[in-house]
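Data block below; observations after.
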Amino acid sequence: MDTMQLLGLLTGVLFGFALHRAGFSRCGLVMRGLAFRDFTMLKVMLTAIAVGMVGAAALATFAPDVAHLKVKSLYVWGVLVGGLVFGVGMAIAGYCPGTALVGLGGGVRDGLLAVAGGLLGAFAFILAYPALEPILIQPLDLGKLTLHETLRLPYLPTALAVAAMLGGIVVWLNRLEAKARA
Amino acid sequence: MITERTEVSAQAACATGAPSRAGVPPWLLWGGMIGLVQIFAIATVQPLGVSTAYPQLVGYLVDKIAPGFAESQPYLQKIGTKIGWEVMLIVGIALGALLSRLLPGGDRTAACELPNVFRASWARGLAAFVGGFLILFGARLAGGCTSGHMLSGIAQLALSGFLFGAAAFATGVLTASLLLKRANGGN
């Protein structure tokens, strides 16, 4: 195994372990989360995003040599339509591509089935790509835009501010939930 | 009247907030851990991203059965079919979940704690399969999934991540709410 494969495996084990401990092997968590009946999914996601946001900006600012950032291109039609399709699938399956693997590893039948469906979906996309690329991916590709560059704001302070906002949402959700339970 | 009500709600918040201070709640602990895994991924190779590995793995496997497949498909030409960081990441995710299940404190139930939406087991199984198909097709069209576009994209303040998140939550919330309504009607 080369270094890249080893790092991928190690990162995956840590990621899968944390997702499983957070409860994502159970597809009901995502389904109830999307229907706003349980805020666990949102709280975990927003916390993870906020920590990653501060970390990414701190690395880019203080240790740019090891900040391997990768901003994805904003090709409006593909991202929009793909996102809409993704949302329907996530609600029906109760999984996203990562948590389906957590279900599989955690011994949940539905995780195995979602991964199998995912492999078929990926196969279908490979075949559909030549037809979809000219209509949904090439047009209206705005490039690798970020919030701070678009608004001409400094990176680290913007990241800290947005992360603080996400933290505020988490605290608010937590309070709502505590109140509903009381 | 109004001051009385705010006082009561403030007391209720204090009462429910107290026990959580005794220990770190799981969502905070594991959400924070996922954030740290993200920082580790960025510092070593690249931000977390799961969905690219699915077509890479499919391409690798199909090419074994039908040599020349990977070369004939423009999408596989673009993303490659190497068993690299991405594919090992998804192998690792499943292994990490297995490890968590086996170690003390792990969730060992095979149940999904799913609301009573799909009456029959086969119907639920089909839904998981079809849902799995849609999340991968949608993620590949959009160029990322919950991890690539949200955990990583939004964390990098990428506008593509915000758009994907908004679109996915729009249909996700709608679909899940409709499904759960149906479940409650059945109860």
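Every chain is numbered from 1, with letters handed out A, B, ... down the list of sequences. Only heavy atoms go into these numbers, but all of them, side chains included; no hydrogens, no water, no symmetry mates.
For B/Val45, the parts lying under 4.5 angstrom from a heavy atom of chain A are both the backbone and the side chain. Neither the backbone nor the side chain of B/Arg108 comes within less than 4.5 Å of any heavy atom of chain A. Contacts between A/Ala124 and chain B at a heavy-atom distance below 4.5 Å involve backbone atoms as well as side-chain atoms. At a 4.5 Å heavy-atom cutoff, the contact between A/Leu59 and chain B is made by side-chain atoms alone. With a threshold of 4.5 angstrom between heavy atoms, A/Ala163 does not approach chain B through any atom at all. Only the side chain of A/Tyr75 comes within contact range of chain B, with at least one heavy atom under 4.5 Å from a heavy atom of that chain. Interface residue A/Leu127: backbone and side-chain heavy atoms are both found under 4.5 Å from chain B. Both the backbone and the side chain of A/Leu9 come within contact range of chain B, judged by heavy atoms closer than 4.5 Å. If you measure heavy-atom distances from B/Ile79 to chain A, you find no contacts under 4.5 Å at all. Within the 4.5 angstrom heavy-atom criterion, no atom of B/Leu61 approaches chain A. Using a 4.5 Å cut-off between heavy atoms, A/Ser73 contacts chain B through its backbone alone, with no side-chain atom that close. For A/Val115, the parts lying near chain B are the backbone and the side chain together; criterion is any non-hydrogen pair under 4.5 Å. Contacts between B/Lys82 and chain A at a heavy-atom distance below 4.5 Å are absent for every atom of the residue. Contacts of A/Val162 with chain B are made by side-chain atoms alone, with heavy-atom separations under 4.5 Å and no backbone atom involved. If you measure heavy-atom distances from B/Val87 to chain A, you find no contacts under 4.5 Å at all. Residue B/Leu126 does not touch chain A at all, counting heavy-atom pairs closer than 4.5 Å.
In the hydrophobic clustering of ILVMFWY residues, with side-chain heavy atoms under 4.5 Å counting as a link, B/Met150 and B/Leu174 come out apart. Residue B/Trp122 is grouped with residue B/Val130 when hydrophobic side chains (ILVMFWY) are merged at heavy-atom distances under 4.5 angstrom, including chains of intermediate members. One hydrophobic cluster holds both A/Met1 and B/Tyr60 under the rule that ILVMFWY side chains link at heavy-atom gaps under 4.5 Å. Cluster membership check: B/Leu178 does not share its hydrophobic cluster with A/Met31, using side-chain heavy-atom separations under 4.5 Å among Ile, Leu, Val, Met, Phe, Trp and Tyr. Linking ILVMFWY side-chain heavy atoms closer than 4.5 Å, directly or via other members, places B/Leu29 and A/Val171 in two distinct hydrophobic clusters.
If you tally non-hydrogen atom pairs under 4.5 Å between each of A/Leu14, A/Leu6, A/Leu119 and chain B, the highest count goes to A/Leu119. For the options A/Leu34, A/Leu80, A/Thr11, A/Leu136, heavy-atom pairs under 4.5 Å to chain B are most numerous at A/Leu34. If you tally non-hydrogen atom pairs under 4.5 Å between each of A/Leu145, A/Val66, A/Ile126, A/Thr47 and chain B, the highest count goes to A/Ile126. The choice from B/Gln56, B/His149, B/Arg140 that makes the most heavy-atom pairs within less than 4.5 Å of chain A is B/Arg140. Chosen from B/Ser51, B/Gly143, B/Ser147, B/Ala41, the residue pairing most often with chain A at heavy-atom distances under 4.5 Å is B/Gly143. Contacts with chain B were tallied for A/Leu120, A/Leu84, A/Ile137, A/Leu19; A/Leu84 has the most, counting heavy-atom pairs under 4.5 Å. Chain B forms more heavy-atom pairs under 4.5 Å with one residue of A/Ala22, A/Ala159, A/Ala48, A/Ala60 than with any other, namely A/Ala48. With chain B as partner, the option from A/Val102, A/Leu101, A/Leu74, A/Leu104 having the largest number of non-hydrogen pairs under 4.5 angstrom is A/Leu101.
Between the side chain of A/Lys72 and the backbone N or O of B/Gly161, no donor-acceptor pair lies under 3.5 Å. Without hydrogens or angle criteria, B/Gln46 side chain to A/Lys70 main chain gives no donor-acceptor distance under 3.5 Å. Here the side chain of B/Gln38 pairs no donor or acceptor atom with the backbone of A/Val51 at under 3.5 angstrom. For B/Arg101 (side chain) and A/Gly106 (main-chain N/O), a donor-acceptor pair under 3.5 Å exists by modelled atom type.
B/Met33 has its side chain out of reach of A/Phe17: every pair of non-hydrogen atoms, C-beta onward, lies at least 4.5 Å apart. Side-chain contact check for A/Cys96 versus B/Cys145: every heavy-atom pair is 4.5 Å or farther apart. Inter-residue side-chain proximity for A/Leu46 and B/Trp27 is flagged as unmet; no heavy-atom pair is nearer than 4.5 Å. No side-chain heavy atom of B/Pro55 sits less than 4.5 Å from a side-chain heavy atom of A/Phe123. With a 4.5 Å cut-off on side-chain heavy atoms, B/Arg124 and A/Asp110 count as touching.
Ring geometry for B/Tyr75 versus A/Phe125: interplanar angle over 60°, hence perpendicular rather than tilted (30 to 60°).
A ring-centre distance under 6.0 Å is not found for B/Phe40 and A/Phe15. Side-chain rings of B/Phe164 and A/Phe86 approach one another, their centers coming within less than 6.0 Å.
The 12-atom threshold is not exceeded at CD of B/Glu71, counting heavy atoms of other residues, nucleotides or ligands nearer than 6.0 Å. More than 12 heavy atoms of other residues, nucleotides or ligands lie within 6.0 Å of CZ in B/Phe69, so this atom counts as buried by the packing criterion.
Residues B/Thr175 and A/Ala91 come closest through the heavy atom pair CB-CB, 3.6 Å. Counting all heavy atoms, side chain and backbone alike, B/Tyr54 lies closest to A/Pro97 at OH-O, 2.8 Å. Between A/Gly52 and B/Ala155 the shortest heavy-atom distance is C-CB, 4.0 Å. Listed here is the closest heavy atom pair of A/Gly83 and B/Ala142: N-CB, 4.1 Å.
B/Ser121 and A/Arg109 share a donor-acceptor pair across their side chains, judged by distance under 3.5 Å alone.
Here the CG-CD distance, from B/Leu159 to A/Glu149, works out to 9.5 Å after rounding to the nearest 0.5 Å. Residue B/Leu141 holds its CG atom at 11.0 Å from CD of A/Glu133, rounded to the nearest 0.5 Å. If you take CD1 on B/Ile154 and CD1 on A/Ile49, they are separated by 4.5 Å, rounding to the nearest 0.5 Å. Once rounded to the nearest 0.5 Å, the distance linking CZ of B/Phe129 with CG of A/Leu112 reads 10.0 Å. Rounding to the nearest 0.5 angstrom, the gap separating the CD atom in B/Gln156 from the CG atom in A/Leu147 is 13.0 Å.
Every residue two or more places apart in sequence or in another chain that forms a ring pair (Phe, Tyr, Trp, His ring centres under 6.0 Å) with A/Tyr155 is listed here: A/His148. The side-chain hydrogen bond (donor to acceptor under 3.5 Å, both in side chains) test applied to A/Thr99 returns no partner, not counting sequence neighbours.
Using a 4.5 Å cut-off between side-chain heavy atoms of Ile, Leu, Val, Met, Phe, Trp and Tyr, A/Val108 falls into a hydrophobic cluster with A/Tyr95.
A side chain to side chain donor-acceptor pair (under 3.5 Å) with B/Asp107 is found for one member of A/Arg26, A/Arg21, A/His20 and no other, namely A/Arg26.
Taking 4.5 Å as the heavy-atom cut-off, the residues of residues 38-45 of chain A that approach chain B are A/Thr40, A/Met41, A/Leu42, A/Lys43, A/Val44, A/Met45, ordered by number.
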